[in-house]
2 protein chains.
Amino acid sequence: MAKTGDSSRAVTAPALSSLDFALDRASPVPLYYQLAQQLEAAIEHGVLAPGNLLGNEIDLSVRLGLSRPTVRQAIQSLVDKGLLVRRRGVGTQVVHSQVKRPLELSSLYDDLEEAGQGPATRVVRNEGVAASADVAAALGVAEGSEVTRLERLRSTHGQPVAFLCNYLPSGLLDLGTNRLESTGLYRMMRSAGITLHSARQTIGARSATAEEARLLDERAGSALLTMQRTAYDDTGRPVEYGTHIYRASRYAFDFQLLVRP
Amino acid sequence: MAKTGDSSRAVTAPALSSLDFALDRASPVPLYYQLAQQLEAAIEHGVLAPGNLLGNEIDLSVRLGLSRPTVRQAIQSLVDKGLLVRRRGVGTQVVHSQVKRPLELSSLYDDLEEAGQGPATRVVRNEGVAASADVAAALGVAEGSEVTRLERLRSTHGQPVAFLCNYLPSGLLDLGTNRLESTGLYRMMRSAGITLHSARQTIGARSATAEEARLLDERAGSALLTMQRTAYDDTGRPVEYGTHIYRASRYAFDFQLLVRP
DNA sequence: CAGTGGTCTAGACCACCGA
DNA sequence: CGGTGGTCTAGACCACTGT
């Protein structure tokens, strides 16, 4: 049955009172997080439909046997994710969303997480080099000091898609070529205890040079997507600088932006 | 051995004790927000240098005459912005960052906020049309229903930079062509009470057609950056769908990603 | 007006880190 | 071990929304 037909005034009260949330106080998982996950699941599965009101926080906290701040913390995390909207004097309701699925970032994941997953990646170069001026500036090291250069060619379905050139601080990671081809840079960093936190990206386009065209099996002069990125860990230290080129005919960046002013 | 965070040996205690934060309880601005702004300013001006510890939350709250949760809320907002890092058992320190300046998004702002600011924008078309299938899907309206189509040509220094084609739900905004050329779409939405919340973007590239080349004063076949975006307000309602093309020789997307897993 | 979220307080116990 | 942030509680008052 489905639906609140009127998109304007969907002030519907949910069947939330009948929803049973299973909170385990013995679990090491924080209560607010358990609640947030179960709320998110309810939204995901349509138990809470777009526009549904959540019911006030006081009642909710009483019903769940939690304090109001704890309930608020759970709700706030979903508001931050863009799944819920709060309005003073009105209530908290599920967002009117077409796109609740791809709420997570990002082309950072596209590239780092998927690296070596589905697509095949061939390591072309993996060596120590002296940092050039731009690399040194991006990684915050002295010009001429040693950094690791990594060049990879990524393909899907037997067709080249991108050429990735990355620079990493020397000694940051143990970059086994075999693992790189099967595991991906991102996972290797994560398992080395490096938590990625932010990245600065520039995305542009240009025509392929003859050499680039040869590498990527394109015609010279065809359009390429270019991306430069510096990635930082959770302490703000640069951990990776990369210059990537993509065949525009086979690749595009697709991501979600959250605006929080 | 990959050793992490040796460069963060700066366990220095800051001159924070001497920092005087001016909190105005009579102000309508929340206390946690006042504190966050002043902390951010201190980081910005280098009073708190990267790596500096902030001092524990309890002391801070006592010194400021605030409760700990309030102080935590202020700190958390800066952690979310990527300016601070918390570590259990260690403390809160200023991030080791090269890039604390451009922490905000995004190409959404690039385009919507700056529209009509520095660069000149000429409105080529501003009319109601019947929604095609892709537009209808993006805006969540019925195919064939009326939407507003807006075509603009943006230039800087007398040179065209981008051609922007946008679709908006009919009646959402009063789109005066004059205001559009001087004020920008984003500001017009904001002053109409629409709060942008998120956007889904696809960025790609391709070669310019003859027509596009003529519009943008490029040669046919030169590389173009393309962007499609659907923007949503804070209730999750689609408020704008756009197809933009940019001269790759004069424009690139530049933005910061925050990873929050 | 009554009801909502927004903010704030003053405590508490726990988990983790470094010495 | 002591100190830190992480979590949680049980209240309180205010600002805003709708009727």
Side-chain angles (χ1 to χ4, degrees), chain A residues 8-14 16 23-37 39 52-80 84-95 193 195 234-235, chain B residues 3-6 8-11 13-14 16 23-37 52-80 84-95 193 195 234-235:
Chain A
S8 50
R9 287 273 182 265
V11 197
T12 322
L16 190 139
L23 298 173
D24 178 8
R25 296 191 102 94
S27 164
V29 177
L31 292 173
Y32 79 90
Y33 193 79
Q34 294 183 38
L35 177 54
Q37 278 190 318
L39 277 172
N52 276 174
L53 285 172
L54 209 60
N56 78 57
E57 298 172 347
I58 310 278
D59 286 358
L60 243 180
S61 61
V62 170
R63 194 172 335 133
L64 297 173
L66 297 174
S67 70
R68 187 185 167 204
T70 301
V71 172
R72 273 184 67 82
Q73 194 174 0
I75 292 177
Q76 187 58 48
S77 71
L78 297 186
V79 170
D80 290 340
L84 295 177
V85 196
R86 290 208 246 231
R87 299 204 231 199
R88 214 192 305 225
V90 179
T92 302
Q93 51 184 320
V94 179
V95 97
T195 308
D234 56 5
T235 71
Chain B
K3 98 171 9 183
T4 62
D6 198 331
S8 70
R9 113 152 33 71
V11 197
L16 190 139
L23 299 174
D24 177 9
R25 296 191 103 94
S27 164
V29 178
L31 292 173
Y32 79 89
Y33 193 79
Q34 294 183 37
L35 176 55
Q37 278 190 318
N52 277 174
L53 284 173
L54 210 60
N56 78 55
E57 297 172 349
I58 311 277
D59 286 359
L60 242 182
S61 61
V62 170
R63 194 170 336 132
L64 298 174
L66 298 174
S67 70
R68 187 187 168 203
T70 301
V71 172
R72 274 184 67 81
Q73 194 175 359
I75 292 177
Q76 187 59 47
S77 71
L78 297 186
V79 170
D80 290 341
L84 295 177
V85 196
R86 288 209 244 232
R87 300 201 224 206
R88 213 191 304 221
V90 178
T92 303
Q93 50 184 319
V94 179
V95 98
T195 307
D234 56 5
T235 71

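These values consider heavy atoms only, across backbone and side chains, with no hydrogens, waters or symmetry-generated copies.
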Return the value, rounded to whole Å, for the distance between atom [atom1] of [X] and atom [atom2] of [N].
X	N	atom1	atom2	value
B/Gln93	D/dG3	CD	C1'	15 Å
A/Leu35	D/dT7	CG	C1'	14 Å
A/Leu53	C/dT4	CG	C1'	10 Å
B/Gln73	C/dC8	CD	C1'	9 Å
B/Glu57	D/dT7	CD	P	11 Å
A/Ile75	C/dG5	CD1	P	7 Å
A/Leu54	C/dT4	CG	C1'	13 Å
B/Leu64	C/dC8	CG	P	13 Å

I need the [X] [atom1] to [Y] [atom2] distance, nearest 0.5 Å.
X	Y	atom1	atom2	result
A/Thr92	A/Ile75	OG1	CD1	5.0 Å
A/Leu31	A/Leu66	CG	CG	5.5 Å
B/Leu78	B/Leu35	CG	CG	8.0 Å

Do any side-chain nitrogens or oxygens of [X] fall under 4.0 Å of OP1 or OP2 in [N]?
X	N	answer
B/Tyr32	C/dC8	no
B/Thr92	D/dG5	yes
B/Asn56	D/dG3	no
A/Arg72	C/dG6	yes
B/Arg86	D/dG6	yes

Exercise for the section: Can you tell me which residue pairs pass the side chain to side chain donor-acceptor pair (under 3.5 Å) test with a partner in residues 64-74 of chain A, sequence neighbours excluded? Expected result: A/Glu57-A/Arg68, A/Glu57-A/Arg72, A/Ser67-A/Thr70
Handout entry: Minimal non-hydrogen separation, B/Asp234 against A/Val85, with atom names
Key = O-CG2, 2.9 Å
Exercise for the section: Check B/Val94 against B/Leu84 and note the closest heavy-atom contact, atom names and distance. Expected result: CA-CD2, 3.8 Å
Practice task
Hey, which sits more toward the 5' end of DNA chain D by its nearest nucleotide, A/Arg87 or A/Val29?
Solution key: A/Val29
Completion exercise
Its contact letters, B for base, S for sugar-phosphate only and - for none at protein heavy atoms under 4.0 Å, make nucleotides 9-19 of chain C read BB-B--BBS--
Practice task
Output all residues satisfying side-chain contact (heavy atoms from CB on, under 4.5 Å) with B/Val29, sequence neighbours left out; order by chain, then residue number.
Solution key: B/Ser27, B/Tyr33, B/Gln34
